[in-house]
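These notes are about the structure you will find just below.
The residues of the chain are indexed from 1 along the displayed sequence.
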Amino acid sequence: MNGRRLDLALLEAGLARSRSHARRIIEEGRARIDGRPAAKASTPVPLEAELLVVDVPDGIEYASRAAHKLIGALEELGLDPSGARCLDAGASTGGFTDVLLRRDALSVLAVDIGHDQLAAHVRGDTRVTVLDGTSVRDLTPELVGPAVDLLVADLSFISLRTVIAPLGSVVRRGGDLLVMVKPQFEVGRTALPRTGVVTDPAARIDAVRGVAAAASQVGLGLCGVGSSALPGQDGNREYFLHLRPTGVTCALDAEACDMIENAVRGNESRHRAIHDADQEV
């Protein structure tokens, strides 16, 4: 069968924003040629064939593949952004922000070190305040304003351990943080395999535990651990931590360590109740 490549055909048909976006659609199994699923970007498409992209939320594609990761984590860990004042740390093209908006967040502060990356439909939403050119290291209550109800974070090329304190500082007591741990950026260069993929479960456990321990030391208690619904860079497994400000700084306890190990090894979410220091336990 002769014809254009599927990724190029989707782009030419206006069904994808870019060639990389087209490849993402194909990888997610949402491309159809004459009603049949097509799994390869190189699949030839006859000129007369009908192309379709299925499972498009609200008629508009999510701003990035990362959106599906957050959707899975919100559902798995039982968090609802409806009516919440939110902050998206490392917003990039706005995948996480997009999800928060579609789930009726009151507002989203989109923070990123880069500039002008947000997808147009995200940037144009009146509930979004853009804070471009800002490192998450520099987040402070003074910069953000009123403390947010929910902070989500998708950061690359940086260890969450080094920025968990400023992230936690802008979330109100009783609020929530949902941060994505990427072991490839936590294990350190010397421990990272040449492939860039952390395959050793023990190394992944140590990576997640290291972030949770750093969070505990700045007064963020571990409420839940879940595995990302989609793999990350080069196939790396990634994990979400649900944290909550407690007002108590402490070492990571045994129950939290067990939660992390069980979640990483079993790919099942783990939850527990965390109480604010001002509440009765």
Side-chain angles (χ1 to χ4, degrees), residues 15-18 20-31 37 53-112 117-125 127-128 148-156 160 167 171 175-183 208 211 223-233 235-244 263-264 266-271:
L15 295 172
R17 296 186 299 271
S18 64
S20 61
H21 181 213
R23 287 194 293 268
R24 173 164 67 85
I25 290 171
I26 297 163
E27 290 170 359
E28 292 171 356
R30 298 189 294 113
V53 174
V54 300
D55 297 333
V56 180
D58 302 330
I60 303 174
E61 281 284 338
Y62 280 112
S64 76
R65 177 176 181 268
H68 299 280
K69 299 181 183 181
L70 183 60
I71 291 169
L74 289 172
E75 294 176 352
E76 188 177 18
L77 295 171
L79 289 172
D80 180 9
S82 176
R85 291 171 294 111
C86 304
L87 187 149
D88 181 1
S92 187
T93 56
F96 279 17
T97 296
D98 201 354
V99 172
L100 296 173
L101 295 172
R102 296 188 199 222
R103 298 207 169 194
D104 298 322
L106 179 66
S107 62
V108 183
L109 180 60
V111 180
D112 200 272
Q117 298 183 73
L118 282 177
H121 72 276
V122 174
R123 182 178 289 273
D125 194 299
R127 293 171 290 169
V128 176
V148 300
D149 304 308
L150 172 64
L151 179 145
V152 296
D154 177 4
L155 304 174
S156 296
L160 277 170
L167 293 179
V171 180
D176 300 284
L177 295 87
L178 188 58
V179 300
M180 186 161 62
V181 181
K182 302 178 178 182
V208 178
V211 176
C223 298
V225 189
S227 178
S228 174
L230 293 174
Q233 180 181 337
N236 270 295
R237 298 292 310 185
E238 298 171 341
Y239 304 90
F240 280 91
L241 294 182
H242 174 201
L243 306 167
R244 181 167 290 164
V264 173
N267 293 322
E268 297 178 0
S269 61
R270 294 292 187 271
H271 312 263

Using 0.5 Å steps for rounding, measure from the [atom1] atom of [X] to the [atom2] atom of [Y].
| X | Y | atom1 | atom2 | result |
| --- | --- | --- | --- | --- |
| L118 | T93 | CG | OG1 | 7.5 Å |
| D98 | L70 | CG | CG | 10.0 Å |
| D154 | D88 | CG | CG | 8.0 Å |
| L109 | L100 | CG | CG | 11.5 Å |
| L151 | C86 | CG | SG | 9.0 Å |
| L160 | M180 | CG | CE | 9.0 Å |

Item to check | Donor-acceptor contact below 3.5 Å, side chain R127 vs main chain L101 | outcome: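 Yes.
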Any heavy-atom pair between the side chains of [Y] and [X] that's under 4.5 Å?
| X | Y | value |
| --- | --- | --- |
| E75 | I71 | yes |
| K182 | N236 | no |
| R85 | S107 | yes |
| D176 | H242 | yes |

For [X] versus [Y], what's the shortest heavy-atom pair and its separation?
| X | Y | value |
| --- | --- | --- |
| A110 | T97 | CB-OG1, 4.1 Å |
| A31 | I26 | CB-CG1, 4.1 Å |
| G95 | A63 | N-CB, 3.8 Å |
| K69 | S228 | CG-OG, 3.5 Å |
| F96 | A66 | CE1-O, 3.2 Å |
| L150 | P81 | CD2-CB, 3.9 Å |

Next on the checklist: Which residue in the set P231, P183, S227 passes side-chain contact (heavy atoms from CB on, under 4.5 Å) when paired with R237?
Outcome noted: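 Only one option passes, and that is S227.
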Next on the checklist: Do R24 and Y62 form a cation-pi contact, if we require the NZ or CZ to be under 6.0 Å from the six-membered ring centre and within 45 degrees of the ring's axis?
Outcome noted: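 Judged by the rule (NZ or CZ under 6.0 Å from the ring centre, within 45° of its axis), R24 is not positioned above Y62.
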